[in-house]
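Let me begin by presenting the structure, written as structure tokens, before commenting on it.
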Amino acid sequence: MKIMVIGGGGREHAIIRKLKENPLAEKIWALPGNGGIARDAECVNIGATDIPAQVAFAREHDIDFAVVAPDDPLVLGAVDALEEAGIPCFGPRANAAIIEGSKAFSKDLMKKYGIPTAAYETFTDVKQALAYVAQAPLPVVVKADGLALGKGVVIAQTRQEAEDAVRAAMEEKKFGRSGEKLVIEEFLTGPEISVLALTDGKTVAPMSSSMDHKAAWDGDKGPNTGGMGTIAPNPFYTDAVAAECMEKIFLPTIRAMEAEGRPFQGCLYFGLMLTPDGPKVIEYNCRFGDPETQVVLPLLGSDLLTLMLAVRAGKLAEQLPLRLKPGAAACVIMASEGYPLSYKKGFPITIPEDLLDRVYVAGAAIKDGVLVTSGGRVLGVTAQAPDLKTALQEAYAAVDRIRFDNAFCRRDIGHRALEVL
Ligand code: AMP
Ligand code: GLY
């Protein structure tokens, strides 16, 4: 089977490694991939949002199956275009990817179908948005409606911050068209849980729960990033919480999407907060999370390619129950100093041979035959062990043996989880 994976980060590296466990995966191309993914797949210089070029490539190379991993191509309709060209895909069509592409859509969906989430209002008029934040309880959460590279959410502690966030999005157009509409919502508290679930539109199969660490620095300080590290499973996700999520959130969401004529096929990411009133949805993503995938897939005991094909065929039920491996996994992101703001790149990376299989490469390129840094998040260094404490120790021991100039990482990944174990 000839497979193409669209995307070029650590998540795609983890997906490709897992797909390769199945001998049916005869050849894998990554579009565009990166310098580290090149060890595991053939990288092709076609951007993740260049849909016409992806379709042309798939036709030329007789691709049997395409996995569309990032949010942008999914929201832009890469799956629709590839399927129309006769290429079977893993991933939602654009009319279902809107669950991530528009926060106003997802909030309205949850309201209509009684799925627990923060109370909210939607605005397209700057005066009305300003009037609302002038009297809303603080802190208040201001969210750009559309995709904003994970930067479209402001938790405003003061009226001034809330007003600035509204003006930045609606008047200064900081997020372009993504900020023309705003969702302003109630601030919730509690531990966060990510659940990545495979779904064919009818059956929903959650994989291991996980926990991301979005702030750049230790102690959850500093600017928000795409994610500085993850652990799985998430100890706050007890069997009782899992059962409640299935009944009140996962199944109702899948059924709501089907009832709206937008059946969701692919990986649906539930960003949850365990509030004093029970689990609530903070956000949906229409795809595998990054860097959650780097800990969730190593703990998946079932074959990923088989599952993805079953999702596409609408036959996920036949693959249940999913096999989840015992034990825990940890991923520590090694980033470029200065990320997520400005940082230098081009530094050579040294990874000891015995660690290569545990490193997922996010932002690196090959230059004159040498792997060099090329992004903010550079490597996801992972470990799997019988318990979380050991997994974290092993991940950090590996981090300490990997070198590149200007490297930095958080030293406290998993601390909050260890406290409750
Ligand atoms: P999002 O891009 O929607 O995932 O939001 C980014 C982060 O902002 C989330 O992971 C939460 O930590 C935080 N956040 C979003 N919405 C809320 C909310 N209503 N209450 C508290 N924190 C929130
Ligand atoms: N790690 C969060 C995300 O993938 O959006």
Side-chain angles (χ1 to χ4, degrees), residues 7 9-12 14-15 69-72 74-75 97 99-107 110 116-121 133 136-157 162 165 169 175 178-179 182-196 209-216 220-232 234 236 266-277 279-297 331 333 335 340 360 362 376-377 380 410 413 416:
R11 162 185 55 205
E12 288 75 12
I15 291 172
D71 46 0
D72 310 25
L74 289 167
V75 171
I99 199 165
E100 174 171 3
S102 166
K103 291 196 195 281
F105 170 86
S106 70
K107 296 295 292 191
M110 288 186 269
T117 188
Y120 73 103
E121 299 279 343
V133 297
L138 293 172
V140 64
V141 184
V142 180
K143 299 186 170 185
D145 173 57
L147 297 181
L149 298 170
K151 292 177 186 144
V153 174
V154 173
I155 298 177
Q157 304 290 344
F175 310 110
S178 286
L182 292 184
V183 168
I184 303 185
E185 69 178 28
E186 167 199 16
F187 176 73
L188 300 177
T189 54
E192 286 187 57
I193 303 171
S194 308
V195 176
L196 280 57
S209 60
S210 55
M211 185 191 285
D212 194 6
H213 298 68
K214 285 198 170 119
D220 291 321
K221 303 233 162 54
N224 245 2
T225 70
M228 291 300 293
T230 40
I231 57 108
N234 185 323
F236 290 99
C267 178
L268 184 53
Y269 170 127
F270 297 89
L272 307 168
M273 194 171 269
L274 193 54
T275 75
D277 302 326
K280 294 191 180 181
V281 177
I282 289 282
E283 63 161 347
Y284 294 112
N285 290 330
C286 64
R287 52 176 173 84
F288 285 93
D290 190 344
E292 285 88 346
T293 305
Q294 290 88 315
V295 287
V296 170
L297 287 186
C331 172
I333 297 292
Y360 297 115
R377 291 192 292 179
R410 274 182 67 162
I413 298 303
R416 191 155 184 207

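Atoms within a ligand are numbered from 1 in the order they appear, just like the ligands themselves. Atom set for the values below is all heavy atoms of this structure, side chains included, hydrogens, waters and symmetry mates excluded.
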So how far is it from [X] [atom1] to [Y] [atom2], rounded to the nearest 0.5 Å?
X      : Y      : atom1 : atom2 : result
Glu292 : Leu297 : CD    : CG    : 11.0 Å
Met110 : Phe105 : CE    : CZ    : 10.0 Å
Ile193 : Met273 : CD1   : CE    : 10.0 Å

Q | side chain to side chain contact (heavy atoms under 4.5 Å, CB included) against Ala118, all qualifying residues, sequence neighbours excluded | A |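 Once residues adjacent in sequence are excluded, the partners of Ala118 under the side chain to side chain contact (heavy atoms under 4.5 Å, CB included) criterion are Lys107, Glu185, Glu186, Leu188.
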(Q) Under the rule for side chain to side chain contact (heavy atoms under 4.5 Å, CB included), what residues qualify as partners of Asp220, not counting sequence neighbours? (A)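 Residues passing side chain to side chain contact (heavy atoms under 4.5 Å, CB included) with Asp220: Ala215, Arg410.
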**Q.** side chain to side chain contact (heavy atoms under 4.5 Å, CB included) partner of Phe288, chosen from Ile15, Leu268, Val296
**A.**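 Passing option: Ile15.
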Q.
Under the side chain to side chain contact (heavy atoms under 4.5 Å, CB included) test against Ile184, which residue among Val133, Val141, Val154 passes?
A.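 Exactly one option meets the side chain to side chain contact (heavy atoms under 4.5 Å, CB included) with Ile184, and it is Val133.
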**Q.** Protein residues that have a heavy atom under 4.0 Å from any atom of ligand 2, sorted by chain and number
**A.**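 Its neighbours under 4.0 Å (heavy atoms only) are Asp212, Gly226, Tyr269, Asn285, Arg287, Gly289, Asp290, Pro291, Glu292, given by chain and number.
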Q | Heavy-atom donor-acceptor pair, Ser106 side chain to Lys103 backbone, under 3.5 Å | A |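 Indeed, once roles are kept as given, a pair shorter than 3.5 Å links the two residues.
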List ligand 1 atoms under 4.0 Å from [X], heavy atoms only on the residue side.
X      : answer
Lys103 : 2 (O), 3 (O)
Lys214 : 4 (O), 10 (O)
Lys143 : 3 (O), 15 (C), 16 (N)
Phe187 : 20 (N), 21 (C)
Glu185 : 16 (N), 17 (C), 18 (C), 19 (N)

Q: Indicate yes or no: does an N/O atom of Asn224 lie under 3.5 Å from an N/O atom of ligand 1?
A: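 Min N/O separation from ligand 1 is not below 3.5 Å for Asn224.
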Q.
Among all the protein's non-hydrogen atoms, which is closest to atom 10 (O) of ligand 1, and how far away is it?
A.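 Here the nearest protein heavy atom works out to Glu192 OE1, 2.8 Å.
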Q | Side-chain H-bond candidate by donor/acceptor type, Ser102 with Asp145, under 3.5 Å | A |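 Looking only at side-chain atoms, Asp145 and Ser102 do form a donor-acceptor pair, the distance falling under 3.5 Å.
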Q) Considering Leu188, Asn285, Ile282, which one's heavy-atom position lies nearest to atom 20 (N) of ligand 1? A)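 It is Leu188 that holds the nearest heavy atom.
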Q. Which option, Val153, Ile155, Thr189, owns the non-hydrogen atom nearest atom 22 (N) of ligand 1?
A.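 Result: the heavy atom closest to atom 22 (N) of ligand 1 is in Ile155.
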Q: Apply side chain to side chain donor-acceptor pair (under 3.5 Å) to Asn234 and list each qualifying residue two or more places apart in sequence or on a separate chain.
A: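 Listed in chain order: nothing, the list is empty.
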